[in-house]
Amino acid sequence: EATLRSYLPELRDRPLTVPDVSFEGEGPEAKTVAPAPSNPPRLAALGEQVRAAAERADATSWQRLPNLTVYGNADMAAPNPRVFVATKLVFVPSWDVGVQLEWSLSQVTGGSAKTEQARQEKAGLEARYSDAKRRLDAERAGAVGILQAATARAKRAHERVERRTLTHLTVLS
């Protein structure tokens, strides 16, 4: 009490009142900690980065495959480059339909390197995610331990105050 009064000079002339703290029902089965959010924002952001890296790795894998292009074109022109009528200007319809398959060796070699790079990036992000999750779990466990220790200290202080009050009353009587 003297230490408190020396740190807070406005308490010097006023009586000090301590509110009663009830410890009834406190025990290992009592829930003293509010439930933590299942997925805090920083962990959710890392999870989304891992998901995006997985999608990028899949996309680079697909880029190694041959490209298949199907095209179609219809045209009605006068003069038409395919059919030339010398005597008069006639609109002639024409059309093109085709399939084109493209594939190159650089798609396989360069694509393999890009795919491996994307997979390594994904693995790095997964490691960061698991490390952040482990650190968060450790922080939560540490905070719960600190809270339990503070509760135990408060309970012991309350018991000491009660004992002191009882011994003070027995001395006076």
Side-chain angles (χ1 to χ4, degrees), residues 1-69 103-173:
E1 185 177 331
T3 306
L4 183 62
R5 290 182 187 279
S6 67
Y7 283 125
L8 300 171
E10 62 269 5
L11 293 178
R12 285 187 186 152
D13 299 330
R14 293 191 310 200
L16 199 61
T17 59
V18 178
D20 185 34
V21 179
S22 175
F23 289 98
E24 300 302 319
E26 294 286 329
E29 66 277 76
K31 187 169 188 170
T32 58
V33 180
S38 62
N39 207 6
R42 67 181 180 183
L43 205 56
L46 276 174
E48 288 302 312
Q49 287 178 3
V50 168
R51 188 188 62 74
E55 293 297 323
R56 282 192 301 272
D58 289 344
T60 56
S61 293
W62 282 102
Q63 287 175 355
R64 293 187 315 177
L65 297 176
N67 295 328
L68 181 65
T69 307
W103 185 75
S104 69
L105 188 58
S106 65
Q107 277 179 276
V108 174
T109 56
S112 295
K114 287 179 184 178
T115 301
E116 187 59 32
Q117 180 182 6
R119 286 182 183 154
Q120 292 300 322
E121 178 186 349
K122 178 186 171 233
L125 286 170
E126 283 176 339
R128 281 182 53 201
Y129 177 77
S130 63
D131 183 51
K133 189 169 179 141
R134 180 191 51 78
R135 277 189 280 131
L136 180 66
D137 291 342
E139 287 174 13
R140 285 179 179 167
V144 167
I146 289 170
L147 180 63
Q148 289 172 344
T151 303
R153 277 194 308 260
K155 191 174 185 179
R156 284 193 305 270
H158 186 265
E159 290 169 356
R160 281 187 293 216
V161 167
E162 284 182 353
R163 275 197 308 260
R164 183 71 171 195
T165 306
L166 287 176
T167 57
H168 183 67
L169 289 177
T170 56
V171 169
L172 290 177
S173 42

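Positions are given from 1, in the same order as the sequence printed here.
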Check [Y] with [X], please: is the shortest side-chain N to carboxylate O separation under 4.0 Å?
| X | Y | answer |
| --- | --- | --- |
| Lys133 | Asp137 | no |
| Arg135 | Glu139 | no |
| Glu159 | Arg156 | no |

Quick one: closest heavy-atom pair of [X] and [Y], and the distance?
| X | Y | result |
| --- | --- | --- |
| Ser112 | Arg64 | OG-NH1, 3.1 Å |
| Ala57 | Thr115 | O-CG2, 4.3 Å |
| Gly47 | Tyr129 | N-CD1, 3.6 Å |
| Lys122 | Val50 | CG-O, 4.4 Å |

Criterion side chain to side chain contact (heavy atoms under 4.5 Å, CB included) on His158 and Val161, from CA distance to verdict: CA-CA 5 Å; His158 186 265; Val161 167; 5.7 Å; no
Working to the nearest 0.5 Å, report the span between [atom1] of [X] and [atom2] of [Y].
| X | Y | atom1 | atom2 | answer |
| --- | --- | --- | --- | --- |
| Thr151 | Ile146 | OG1 | CD1 | 11.5 Å |
| Arg56 | Arg51 | CZ | CZ | 10.0 Å |
| Arg160 | Arg153 | CZ | CZ | 10.5 Å |
| Lys114 | Gln63 | NZ | CD | 6.5 Å |
| Arg119 | Asp58 | CZ | CG | 8.0 Å |

Apply side chain to side chain contact (heavy atoms under 4.5 Å, CB included) to the pair Thr60 and Gln117, showing each step before the final yes or no. CA-CA 9 Å; Thr60 56; Gln117 180 182 6; over 6 Å; no
Check the side chains of Glu116 and Gln120 for a donor-acceptor pair under 3.5 angstrom, ignoring hydrogens and angles. yes
